[in-house]
Amino acid sequence: MPELPEVEVVRRGLDRWVTGRTIAAVEVLHPRAVRRHAAGPDDFAGRLTGRTVTAPRRRGKYLWLPLADEPDAASEALLAHLGMSGQLLVGEPDREREKHLRVRLTFTDGGHDLRFVDQRTFGHLMATDLVPDAHAPGHGLVPAPVAHIGADPLEDAFDEDAFAKALRRRRTGIKRALLDQTLISGVGNIYADEALWRAKLHWARPTETLTRAEAGRVLAGARDVMTAALEVGGTSFDSLYVNVNGESGYFDRSLDVYGRRDEPCRRCGTPIRRDEFMNRSSYSCPVCQPRPRRARY
DNA sequence: CACCGTTCCTGACGGC
DNA sequence: TGCCGTCAGGAACGGT
């Protein structure tokens, strides 16, 4: 399941394979893949055709390819969110079509094509305007649908003090807050559990009771685990996540709590517990991460 | 406004 | 063998 490190791996792959190339044609094979492009599949294709892709950017789990507008800087972009099972694949244009191929882009140089493949169709592509970035005033641009999300923990613009203060203003549990992309982006279910294990905090800990030091530990935990995942090319559990060349990451072998129900905690040996939370799973160590007296779900 | 439950989707898997 | 229920989850959306 692609979270920030996996999306970053994809971004790096795209930078190598598509930057500077001009889009020749766009095929939308499944309209659901572009459902967030309100003007429809034909408009989506029309906006991309003939445009030249510039260096890919990312914030949290969103990835975008700015489209050159010579002589000015790009004012539009191809925006991608991989959802649960989305892949962006680059390869020989005449290779076999994947079962869940949703969108295909070819380039004027006749070289490798770019394919959006997505089994569960939670991901999407769209063409969108770029708007000023509230997190870096006077500098960058971000796609309009990305404007409302927070900075991610691996970018310079991330304001740690503002994050800690915003957490304390919330009246919810820490894991809910971590999954709220407006507060901090790029953290999904897997890395939320990993960050909380590293910070030794229970997922239902009320945000308003977090000290500045504890907020700092959560953030450091998120940064550390994401950086480690990036170094090994991203996490993969079921081969649905792959980088742009179709190679899976290996980070799942390094996870400390996620998916490790009843296995010993790597710090204290206590069996990892699994709780139900938001109709999904939360994994934690009962000893390292004691349940708070007052829990917020 | 803040918070939270529901919803979209397909394939793997376990039980019978 | 095959059918069916359950599970996986990001984020938009609507209700409170």
Side-chain angles (χ1 to χ4, degrees), chain A residues 1-8 10 28-38 58-64 79-88 98-103 116-126 128 142-150 152-153 163 165-196 203-209 222 226 234-242 248 252 255 257-262 274-283 294-297:
Chain A
M1 289 139 253
E3 296 183 33
L4 187 156
E6 293 74 33
V7 178
E8 175 61 16
V10 173
V28 177
L29 295 118
H30 195 312
R32 188 173 153 75
V34 296
R35 66 193 177 283
R36 292 253 288 143
H37 189 90
R58 180 191 57 73
R59 169 164 288 163
K61 303 172 209 172
Y62 281 95
L63 174 65
W64 66 94
L79 178 65
H81 194 296
L82 303 179
M84 294 281 303
S85 53
Q87 301 171 262
L88 284 166
E98 294 80 359
K99 181 177 179 189
H100 300 295
L101 178 61
R102 309 303 190 193
V103 178
F116 179 63
V117 176
D118 189 9
Q119 178 209 119
R120 287 174 234 180
T121 69
F122 277 31
H124 68 268
L125 301 184
M126 67 189 293
T128 179
V142 294
V146 175
H148 73 285
I149 75 170
D152 71 53
F163 172 67
K165 290 190 173 94
L167 271 185
R168 289 179 56 89
R169 282 195 298 269
R170 287 299 187 95
R171 293 291 180 272
T172 188
I174 179 63
K175 184 165 174 183
R176 252 182 212 285
L178 287 176
L179 296 177
D180 179 346
Q181 304 295 301
T182 63
L183 208 52
I184 177 173
S185 65
V187 182
N189 199 40
I190 298 166
Y191 291 109
D193 281 2
E194 295 297 314
L196 290 169
W203 53 269
R205 176 70 182 276
T207 49
E208 68 267 31
T209 68
M226 286 177 170
T235 303
S236 177
F237 300 97
D238 53 9
S239 299
L240 285 174
Y241 163 71
V242 287
S248 296
D252 54 318
L255 293 176
V257 276
Y258 186 87
R260 297 193 61 239
R261 182 182 197 167
D262 296 335
R274 175 189 177 275
D275 297 313
E276 290 216 3
F277 164 76
M278 290 171 77
N279 288 326
R280 56 204 60 178
S281 299
S282 269
Y283 297 90
R294 240 171 14 87
R296 281 189 181 274
Y297 306 97

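Numbered from 1 within each chain, the chains take letters A, B, ... in sequence-line order. Only a predicted model underlies this, so the values are computations on that prediction, with no experimental measurement involved. All values below were derived from every heavy atom in this structure, side-chain atoms included, with hydrogens, water molecules and symmetry-related copies excluded.
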Can you list the residues that meet the ring pair (Phe, Tyr, Trp, His ring centres under 6.0 Å) rule with [X], with sequence neighbours excluded?
| X | value |
| --- | --- |
| A/H37 | A/F44 |
| A/H81 | A/Y62 |
| A/W203 | A/F277, A/Y297 |
| A/F163 | A/F158 |

Test side-chain hydrogen bond (donor to acceptor under 3.5 Å, both in side chains) applied to A/Q181 - qualifying residues, sequence neighbours left out: none
All side-chain hydrogen bond (donor to acceptor under 3.5 Å, both in side chains) counterparts of A/R32, not counting sequence neighbours: A/T121
Tell me: [atom1] of [X] to [atom2] of [N], nearest whole Å?
| X | N | atom1 | atom2 | value |
| --- | --- | --- | --- | --- |
| A/D118 | C/dG10 | CG | P | 13 Å |
| A/D180 | C/dG10 | CG | P | 13 Å |
| A/R261 | C/dC7 | CZ | C1' | 12 Å |
| A/M278 | C/dC7 | CE | P | 17 Å |
| A/E6 | C/dA8 | CD | P | 18 Å |

Mind checking what makes salt bridge (charged side-chain N to carboxylate O under 4.0 Å, His left out) contact with [X], not counting sequence neighbours?
| X | value |
| --- | --- |
| A/D152 | A/R58 |
| A/R59 | A/D133, A/E155 |
| A/K175 | A/D193 |

Sugar-phosphate only, base, or nothing, as touched by A/R274 at under 4.0 Å among non-hydrogen atoms: sugar-phosphate
Touch class at under 4.0 angstrom, heavy-atom based, for A/R35 against every strand present: nothing
Closest-nucleotide 5' rank along DNA chain B - winner of A/R296 and A/F122: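 Closest to the 5' end, via its nearest nucleotide, is A/R296.
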Closest-nucleotide 5' rank along DNA chain B - winner of A/T172 and A/R32: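 Its nucleotide being nearer the 5' end, the pick is A/T172.
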A/Q87 side chain near A/L82 side chain, heavy-atom distance below 4.5 Å: no
Terminal helix-axis angle for the helix from B/dA2-C/dT16 to B/dC16-C/dG2, with five pairs defining each axis and rounding to 10 degrees: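 Result, rounded to 10 degrees: 50°.
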Shortest non-hydrogen contact from A/A33 toward A/R102: CB-CB, 3.6 Å
Start and end of the DNA chain B segment that chain A contacts, any atom under 4.0 Å from a heavy atom: B/dC3 to B/dG11
Reading 5' to 3' through nucleotides 11-16 of chain C, protein heavy-atom contacts under 4.0 Å coded B for base, S for sugar-phosphate only, - for none: BS----
